[in-house]
Each structure stands twice: as C-alpha cells, then as structure tokens.
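Lettering of chains follows the sequences in order, A, B, ..., and the numbering in each one begins at 1. All values derive from a computational prediction rather than experimental measurement.
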Amino acid sequence: MKRDSKKVDPRYKIANREALIGLGLVIVNFIWWFSFAYGMGSKPVDEYSYIFGFPAWFFYSCIVGTVIMTILVIVVVKFWFVEVDLGDEEGDKE
Amino acid sequence: MNWAVITPLIIFLVVIFFIGFWASKYVNTSSNFLQEYFLGSRELGGFVLAMTMTATYGSAGSFIGGPGIAYTEGLGWVLLAMSQVATGYFVLMILGKKFAIMSRKYNSITMVDFLKERYKSKWVVIISAVSIIIFLFSAMAAQWVGGARLLESLTGLNYTTALFIFAVSVLVYVVIGGFRAVAVTDAVQGVVMVIGTLVLLIATVIAGGGISNIMADLTAENPNFITPFGADASLTPAYVSSFWILVGVGVVALPQIAVRAMSYKNSKSLHRAIIIGTVVVGFIMLGMHLIGVFARPILPGIEVGDKVMPLIALEVLPAWLAGIVLSAPLAAIMSTVDSLLILVSSTIIKDVYLNYIEPKASSDKIKKLSVSITAVLGSIVFLMALNPPDLLIWLNLFAFGGLEAAFIWPIVMGLYWDKANKYGALTSMVLGISTYILFDTYYPQPLGMHSVVLPIVISFFAFVIVSIMTHKKLMNNSTDQVQRSVKA
C-alpha cells in the first residue's frame with residue numbers, strides 16, 4: 001500500500017471528517033461542563049438554587065450536560081456518519 | 001457466611017464460565033488462530049463492542065475507589081468523574097474507521113502490530129511492547145488485589161482463598177476462550193454493572209429520604225460537599241479539568257482500549273457502539289459516584305473509602321439484592337483484568353515472540369504457546385498478588401498515565417498525519433514516559449494540573465518537531481529501503 005500513497009483511499013476522507021466531529025463534540029462537552037459547574041457553582045452556597053433537589057450547577061453541568069451530549073452523539077451519528085466497507089479490497093493486490 | 005449475598009455471586013461466576021466454554025469452540029475451529037484468540041476474528045457487534053469498551057475501562061476505580069472518594073469529597077468529585085463521559089464517543093470517533101481500515105490493510109492484530117507497520121521501526125516495537133508488558137502487568141496485579149479484597153469482604157473468606165477463587169474464575173475463561181470470551185463476558189459484566197448501578201442508586205435515594213433531603217443533610221454537615229470544590233475547597237478548576245486529559249481523551253491511547261477499536265465487524269457496529277457506549281458510560285459514572293455522595297448522610301463516619309460501596313449496598317438493600325448489586329464491582333474488576341491478561345499475552349506472543357524469537361513458528365505451536373503463556377501469566381500475577389512487591393505498586397501508579405503519554409501521539413498522528421515518522425514516534429514515546437514519571441515524582445501537579453498533562457504536551461511538540469526535521473532524511477533513505485524490502 002506504500003506505493004499507492006498518491007492515490008488516497010476515499011474512505012479516509014470520511015474517516016478524517018468523523019474524527020474531527022469527535023474532536024468538536026469533546027470541545028462542546030467540555031465548555032458546557034465547565035461553564036455551568038464553575039459559572040453557577042462559584043456562588044456562596046446560601047445563594048444556590050436547586051432543581052429536583054440538586055444544586056443548579058450540578059444539575060445543568062453533569063445531568064443535563066450528559067443528556068445533551070447523548071442527544072448530540074445520536075444526531076451526529078445518525079445524520080453525518082457514513083457507512084463504509086472496512087474490508088481491504090485494495091490491500092489484496094499487494 | 002451470608003449465603004443470600006453469596007448465591008448471586010456464584011450464579012454470576014457460573015454464567016461467566018459457560019461463556020468461556022462457548023467461546024472456546026470458536027477458538028478450536030477457527031482457521032486463523034491468532035485473529036480469533038486475540039481479536040475475536042473482528043466480529044464484534046455494536047452492543048458487545050460498547051459494553052466491552054465500557055467494562056474494560058470501568059475498573060475497580062469506578063466502582064470502589066471512585067464512590068469512596070465521592071463520599072469524602074462530595075459533588076465536586078462527581079463533577080470530576082463526569083469527564084469520563086467523553087470516552088464513550090471520543091475513543092471510537094477518533095480511532096474509528098481509520099484505525100479499523102488501516103489495521104485491516106496491515107493485517108494487524110495488536111496495537112503494536114499497527115505501530116510496527118506504520119513506522120517500520122524495530123525500536124518502536126520494542127519500546128511499545130516492553131512498556132505495555134511492564135505497565136499493564138502491574139495494573140493487572142493491582143486489580144487482582146482489588147478483586148480479591150472485595151471477594152474477601154463480601155464472603156468472609158480469607159484473602160488467599162478469595163484471591164485463588166478470583167484467579168481461577170478469570171483464568172479459566174480467558175485461557176480457553178480468548179478475546180471472544182473476554183468481550184462477551186464483558187458484555188454480561190457491563191449489563192450487571194448497569195443494573196447494579198440503577199438498583200443501588202434508587203435504593204440509596206429512598207433510604208436517604210429523597211434528593212432534597214440528602215442535599216440538606218450534606219449542607220448541614222459541610223456546605224462544601226455540594227460545591228464543585230471538594231470538602232476542603234481544594235479541588236481547583238484547573239486540577240479537575242485536567243482529568244479530561246487523564247480519564248477522558250487520553251484513554252484513546254490505552255492499548256487495551258485501542259485494540260477494541262480494530263475488533264468490530266462493520267460500520268454499523270461502530271455507529272451503534274458509539275451511541276450505546278455514551279449512554280452506558282454516562283449512566284454508570286454519574287450513578288456510581290452519586291451513590292458515594294448520597295451514602296454519606298445514610299452511613300456517616302466510614303473511614304476507609306473502599307468500604308463505602310459494599311457497606312451502603314448491604315445497608316439499603318435486602319441481602320439477595322445486595323448480592324446481585326455487589327456482583328457489579330466484581331464484574332468491573334474481572335472485565336478489566338481479563339482484557340489486560342489477553343492483551344499482555346498477545347503482546348508477548350505476537351509482538352515479541354513472533355517478531356523476534358521464532359517468526360516461522362507453526363500454527364499448532366503458536367496455539368499451544370498462546371494458551372500456555374496466558375495461563376502462565378495469570379499464575380505469575382496470582383503469585384504477585386499474594387504479597388504485592390513495592391515495585392509493582394509503584395509501577396501501577398504510572399500505568400495508565402504512562403501508557404497514555406507514550407502512545408497517544410504515535411497512534412493519533414500515525415493515523416492522521418502523513419509526515420509522522422519513526423523518529424518522531426520514538427522521541428515522543430521516550431519523552432512522554434520519562435517526563436511523566438519525573439513530573440509525578442518531583443513536581444506533582446505542575447501549573448495546578450494532573451502530572452500527565454504536561455508530558456502529553458511535551459511529547460506532542462517533540463513528535464512534530466522531530467518528524468519534520470527528519471522528514472528529508474527519511475525521504476532519501478526510503479528508496480533504498482524499498483529496494484531492501486523488495487529483496488527480502
């Protein structure tokens with residue numbers, strides 16, 4: 001396969017794009033997690049508000065955050081991820 | 001002995017054995033022994049893939065250690081633990097299709113196989129294999145100690161007997177069934193983990209009189225329990241965030257995780273596994289660590305963090321249900337240990353023996369050797385775990401971080417950067433491991449972050465700079481390399 005290095009496997013383009021999506025998701029996840037946790041959680045405890053018994057910072061950062069990430073992952077996989085054949089037709093010719 | 005607790009544990013072990021025997025049929029009839037024994041013939045479906053990923057990753061840490069620290073630190077530790085949710089999708093999206101396609105082209109069975117074909121360097125192979133064997137062997141021994149201690153505390157058996165039962169249970173199915181047995185038992189263990197978490201979470205909330213009540217009790221004891229900063233306000237945002245590297249994105253580079261990303265059947269399995277994995281990791285991490293926090297008002301004053309999980313289960317559940325729930329941490333430990341065992345064995349057979357000792361070994365010999373090496377390895381770990389040497393405990397501290405620092409760039413850059421070459425890979429591996437051990441020993445928490453972060457940054461720049469500098473040299477060499485390989 002070294003010899004065909006000029007002809008790039010078309011599946012790699014798909015794979016590269018999906019890896020970038022993964023990177024994007026992790027950044028979104030981190031920003032969400034960080035801003036709610038420290039944005040709302042840095043107040044004095046007396047001023048905390050509560051949702052379903054949890055402090056609001058925790059509820060949004062950890063619980064809603066996880067639900068939103070799950071939904072995003074589902075949407076991204078269903079609509080943007082492409083099914084490709086992983087097998088090795090080209091490699092056989094080596 | 002409390003038979004109501006023990007019976008579900010026994011049933012659980014019997015089910016695991018049956019899976020081992022079932023998988024051994026594939027091992028005996030497969031036309032390609034190595035592919036089957038160490039990779040399950042690349043036939044994993046989405047559900048099994050997601051579960052084996054989660055279960056391999058979720059070890060004693062997530063079920064015993066983590067909830068214990070959450071008990072002492074409060075919600076701040078749950079926040080930290082949630083950085084692991086990213087592993088559910090990140091690992092499979094980054095390694096994803098590229099790794100699966102390339103490893104099929106290269107016909108790789110292990111992660112080191114992949115690095116070998118990608119970088120064509122003997123030293124890359126040797127350093128990788130040695131660091132995997134050293135680090136994962138110590139990690140495995142530490143988990144065995146955890147498994148035996150848990151069994152000891154649940155059954156009342158003494159440590160040696162508990163360790164023996166644990167060792168035999170794991171060894172039998174791994175040795176006879178190989179990777180397929182590991183993956184499928186992981187799936188069962190993963191399901192046990194999810195159910196265990198759910199049941200215990202609900203029971204704990206009820207026992208604590210509802211979430212609002214628990215939060216009020218926690219605030220009354222120490223308001224810091226419900227802040228993101230930990231019991232004595234020492235968890236800084238920088239420190240907590242740095243766990244996104246150690247237990248979040250860095251997990252990509254753990255060999256026992258990476259190898260799973262080449263074991264699945266097709267794109268559909270991958271897609272399904274990404275979704276299931278995210279849900280399962282998110283649920284288990286949130287649930288288990290919350291249980292640790294919620295346990296505090298119900299059972300105050302537990303001194304040893306590792307006892308929180310077993311004690312709260314026995315407190316809030318009827319004995320038979322506690323038995324089922326407590327198979328979850330046992331499942332978590334077993335599913336980590338089995339994966340490490342088969343991985344270390346594959347490194348010895350495929351990456352060391354077949355590369356450098358006897359490349360032309362007959363398939364019959366490989367088969368006998370694989371099975372016996374796996375069994376011998378298990379026995380050595382057993383002996384080590386009886387009385388763990390200090391060196392092993394010390395190495396275990398560096399196991400995950402060390403492997404991440406070593407492999408993250410050789411894998412990721414090897415997949416996505418054409419100019420990545422062997423010199424860059426070698427430099428980044430050596431620098432990654434050594435700076436990590438140095439930082440951790442002499443300057444822990446540089447810049448307020450976990451000591452794994454800087455070595456990963458350093459090894460990144462080392463990788464890029466060295467690869468670019470040696471790019472020309474390698475281009476000139478490559479012509480005679482091709483000639484050599486043609487002759488060979």
Segment of B/T236 engaging chain A (4.5 angstrom heavy-atom cut-off) = backbone
request  = For the residue pair B/I211 and A/Y50, establish whether any side-chain heavy-atom pair is separated by less than 4.5 Å.
outcome  = no
request  = Just give me the residue among B/D418, B/I226, B/T278, B/L270 that pairs up with chain A most often, heavy atom to heavy atom, under 4.5 Å.
outcome  = B/I226
remark   = Checked A/D46, A/I63, A/V77, A/I14 vs chain B; the most non-hydrogen pairs under 4.5 Å come from A/V77
inquiry  = Counting heavy-atom pairs under 4.5 Å with chain A, which one of B/V240, B/V85, B/V279 comes out on top?
reply    = B/V240
inquiry  = Using every non-hydrogen atom in the two residues, find where A/T66 and B/G282 come nearest and quote the distance to one decimal.
reply    = CG2-CA, 4.0 Å
inquiry  = Quick check for you: among B/A100, B/S241, B/G248, B/G96, which has the greatest number of heavy-atom pairs under 4.5 Å with chain A?
reply    = B/S241
inquiry  = Just so I know, are the side chains of B/T227 and A/Y48 near enough to count as touching, which here means a heavy-atom distance under 4.5 Å?
reply    = yes
Over 12 foreign heavy atoms within 6.0 Å of OH, A/Y60 = no
task = With rounding to the nearest 0.5 Å, note down the distance linking CD1 in A/I74 to CD1 in B/I276.
result = 10.0 Å
inquiry  = If you count heavy-atom pairs within less than 4.5 Å of chain B, which of A/V26, A/L20, A/V76, A/N16 leads?
reply    = A/V26
ask   = What part of A/F34 lies closer than 4.5 angstrom to a heavy atom of chain B: side chain, backbone, both or neither?
value = side chain
inquiry  = Report which part of B/V249 has an atom under 4.5 Å of a heavy atom belonging to chain A: side chain, backbone, both, or neither.
reply    = side chain
task = Answer yes or no: is there a side-chain heavy-atom contact under 4.5 Å between A/W57 and B/L79?
result = yes
query = Can you check whether A/F58 reaches B/P228 side chain to side chain, under 4.5 Å on heavy atoms?
reply = no
key: Test side chain to side chain contact (heavy atoms under 4.5 Å, CB included) applied to B/Y89 and A/L72, step by step   = CA-CA 11 Å; B/Y89 55 90; A/L72 273 181; over 6 Å; no
ask   = For the atom pair SG (A/C62) and CG (B/L290), what is the distance rounded to the nearest 0.5 Å?
value = 8.0 Å
task = Heavy-atom distances under 4.5 Å only: say whether B/L286 touches chain A with side chain, backbone, both or neither.
result = side chain
ask   = Do B/F90 and A/L23 come within less than 4.5 Å of each other through their side chains, counting heavy atoms only?
value = yes
remark   = Of the listed B/P237, B/S212, B/G210, the one with the largest count of heavy-atom pairs under 4.5 Å with chain A is B/P237
remark   = Rounded to the nearest 0.5 angstrom, the OH-OH distance for B/Y416 and A/Y12 is 10.0 Å
request  = Identify which of A/V84, A/I21, A/T70 forms the greatest number of heavy-atom pairs closer than 4.5 Å to chain B.
outcome  = A/V84
ask   = Is the side chain of B/K98 donor-acceptor paired with the backbone N or O of A/R11 at a distance under 3.5 Å, no angle test?
value = no
inquiry  = I'd like to know whether A/D9 forms a side chain to side chain contact (heavy atoms under 4.5 Å, CB included) with B/K105, so could you lay out the CA-CA distance, the side-chain angles of the two residues, the decisive distance to 0.1 Å, and finally the verdict.
reply    = CA-CA 11 Å; A/D9 190 324; B/K105 279 193 182 175; 3.1 Å; yes
Euclidean distance, B/F99 CZ relative to A/L86 CG, rounded to 0.5 Å = 13.0 Å
ask   = Measuring from B/K97:NZ to A/D85:CG, what's the distance to the nearest 0.5 Å?
value = 11.5 Å
key: Parallel, tilted or perpendicular: ring planes of B/H271 versus A/F81, cut at 30 and 60 degrees   = perpendicular
